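Right, one structure below, let's go through it.
Every chain is numbered from 1, with letters handed out A, B, ... down the list of sequences. Being a predicted model, the structure only gives us computed values, none of them experimental.
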2 protein chains.
Amino acid sequence: MAKFSKSDNCKNCLDCNMRIPMLSTLSRPELIELNENRFEVKFKAGETIFKQGTSATHLLILTTGLAKLYVEGVQDKQLIIRIIKPWEIIGQASLYFDNRHHYSIAALDNTTACFIEISAFKKAIQTNPLFAEEFIKNCTQKGIFSFEKMVSLSQKQMHGRIADGLIYLSGKVYEDLNFDLHLSRQDVADLTGMSKDSAIRILKEFHNEGIIELDGRKLKILNYGQLERISETG
Amino acid sequence: MAKFSKSDNCKNCLDCNMRIPMLSTLSRPELIELNENRFEVKFKAGETIFKQGTSATHLLILTTGLAKLYVEGVQDKQLIIRIIKPWEIIGQASLYFDNRHHYSIAALDNTTACFIEISAFKKAIQTNPLFAEEFIKNCTQKGIFSFEKMVSLSQKQMHGRIADGLIYLSGKVYEDLNFDLHLSRQDVADLTGMSKDSAIRILKEFHNEGIIELDGRKLKILNYGQLERISETG
DNA sequence: AATACAAATCGATATTTATCAGTCTTTTAC
DNA sequence: GTAAAAGACTGATAAATATCGATTTGTATT
């Protein structure tokens, strides 16, 4: 099922510097070197792209599809940290630590993933300060996102957390108030730190109150302001 | 009350490269430049060292004392992310984002803080790839710590979270099974994401079960293995 | 030492959230 | 096209956690 090739979708890293801000700081020879140390694999919905605990040898960039980034918590429970879209660089966390993956990635869709050798990446960091700076920018942004997520998970109750989840999905992932959800109900629960049954209940409540319209996986946010209010009041 | 000076404790950044791994990658002229763009301030226990939302112009290194790093969540609740010890570099999160502090720092003790100009630091990152690499290492490590914290906060119940808090304090902060707690009961609650009353209750339970010995702020861990077991079972 | 004030404590109660059991619906597999 | 499996949903109940009020302890101030 996994096809090793450089697809039409992603022929060459040289094209990627248009799409990935971080890569735009690299010179032509640097991009050529990256390109020589990468390969592509296709995944079907549900497949694990990489698994927490295994050794980290490559960074990951999706070129098509969506995936979930999650950590495996207590008693097989998953905590979804965020949803991965094409052209984000994934796997930095392990770069300089213990060369292990500290989270898992699973495809939510049929996806194409480009894997880049960590050593090629590290070399670029060492030789190109602008690239290093972009990399740092990226890391620190994620740190700030983490803080917000911790506050949501630990201080808000279920309505607030679901509101946060919906705001995140519509604002950051789908960039639309109207979208076709790739997440199962269980995934929504894992994203917002509650049981599946509770997630279903709150979503249904929001639906009944006219805040959202939810039919299966078709989701439309009808009253965004109300979601923001619920998010703030916890 | 705040005294602006370079104290005996921290005369010169040149001395700091012995104590701060990240600074050891800097050259002599780079350290001299850092040293020229820094100043020291003393804080009393309870004082705010910097406040979430204000503009970030300096990085912070404690040279004496302890402090708490926390984000201000919903309804004035605090979430303590971690405890700051001397010789850690604080404030990176804001370096390349929006130049705002995304968390507050408050002294838990009488502390001495060294403030380093952000621009001097950024310059070192741009010109010294080894330093940049150390900086990245630091960021990614914090990212991994964040994941663990999120799992603890969102998937464990109170006993597990208190166990995690105690393991953290004894392992990472005091590096001893026997210590004089700088945190109030409210702080312990804010570190573990629960109400003050609940934190008190669980601590008392642990005390009654002989897992810890707690008298006021004197804390001794009697059965570390048991704490680990409680942490794992949630 | 007496007073004032903040922090810690604790039992009772209310609220939030998870769990469970069962039904219904949709998708998948042959 | 039908059976089987997985996912979605719901109400009832149980468990976890927060809140409240009252009391005690500790600490700082005069």
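In this model, the phosphate group of D:dG7 is not approached by any side-chain N or O of A:K196 to a distance below 4.0 Å at OP1 or OP2.
As rounded to whole Å, 20 Å separates atom P of D:dG26 from atom CD of B:Q186. C:dT16 atom C1' lies 10 Å from atom CD1 of A:I202, rounded to whole Å. We find that CZ of B:F206 is positioned 15 Å from P of C:dT9, with the value rounded to whole Å. Whole-Å rounding puts the B:E205 CD to D:dT17 P distance at 11 Å. In this structure, B:K218 places its NZ atom 13 Å from P of D:dG26, rounding to the nearest Å. Taking atom NE2 on B:H159 and atom P on D:dT17, their separation rounds to 8 Å, with Å as the unit. The interatomic distance linking A:I162 (CD1) with C:dT16 (P) rounds to 16 Å, in whole Å. Summarising the geometry, the separation between CZ on A:R185 and C1' on C:dT25 is reported as 12 Å, rounded to the nearest angstrom.
Of the candidates C:dT9, D:dA18, C:dT17, D:dA18 carries the atom nearest the B:M158 side chain, counting heavy atoms from C-beta on. Of the candidates C:dT17, D:dT10, C:dT9, the closest approach to any side-chain atom of A:S198 belongs to C:dT17. Out of C:dT19, C:dT9, D:dT19, the shortest distance to the side chain of B:S195 is found at D:dT19. You'll find that the side chain of B:Q157 is closest to D:dA16, out of D:dA16, C:dA18, D:dA18.
At a threshold of 4.0 Å, the pair A:K77-A:D190 does not count as salt-bridged, since none of the basic side-chain nitrogens sits closer than that to a carboxylate oxygen. A salt bridge does not link B:E232 with B:K156: every distance from a Lys NZ or Arg NE/NH1/NH2 to an Asp or Glu carboxylate oxygen is 4.0 Å or more. Comment: A:K218 does not engage A:E213 in a salt bridge, judged by the lack of any side-chain N to carboxylate O separation of less than 4.0 angstrom. Salt bridge annotation for A:E47-A:K42: absent, with no cationic side-chain nitrogen under 4.0 angstrom from a carboxylate oxygen.
Within 3.5 Å, a donor on the side chain of B:R201 pairs with an acceptor on the base of D:dT19, or the reverse. For a distance-only test at 3.5 Å, the side chain of A:D197 qualifies as a donor-acceptor partner of the base of C:dC20. In this model, no side-chain donor or acceptor of A:R217 finds a partner on the base of D:dG7 within 3.5 Å.
A:Y70 carries A:K68 over the face of its six-membered ring, with the cationic atom under 6.0 Å from the centre and within 45° of the normal.
Each of A:R161 and B:L183 lies near DNA chain C, and the nucleotide nearest B:L183 is the one positioned closer to the 5' end.
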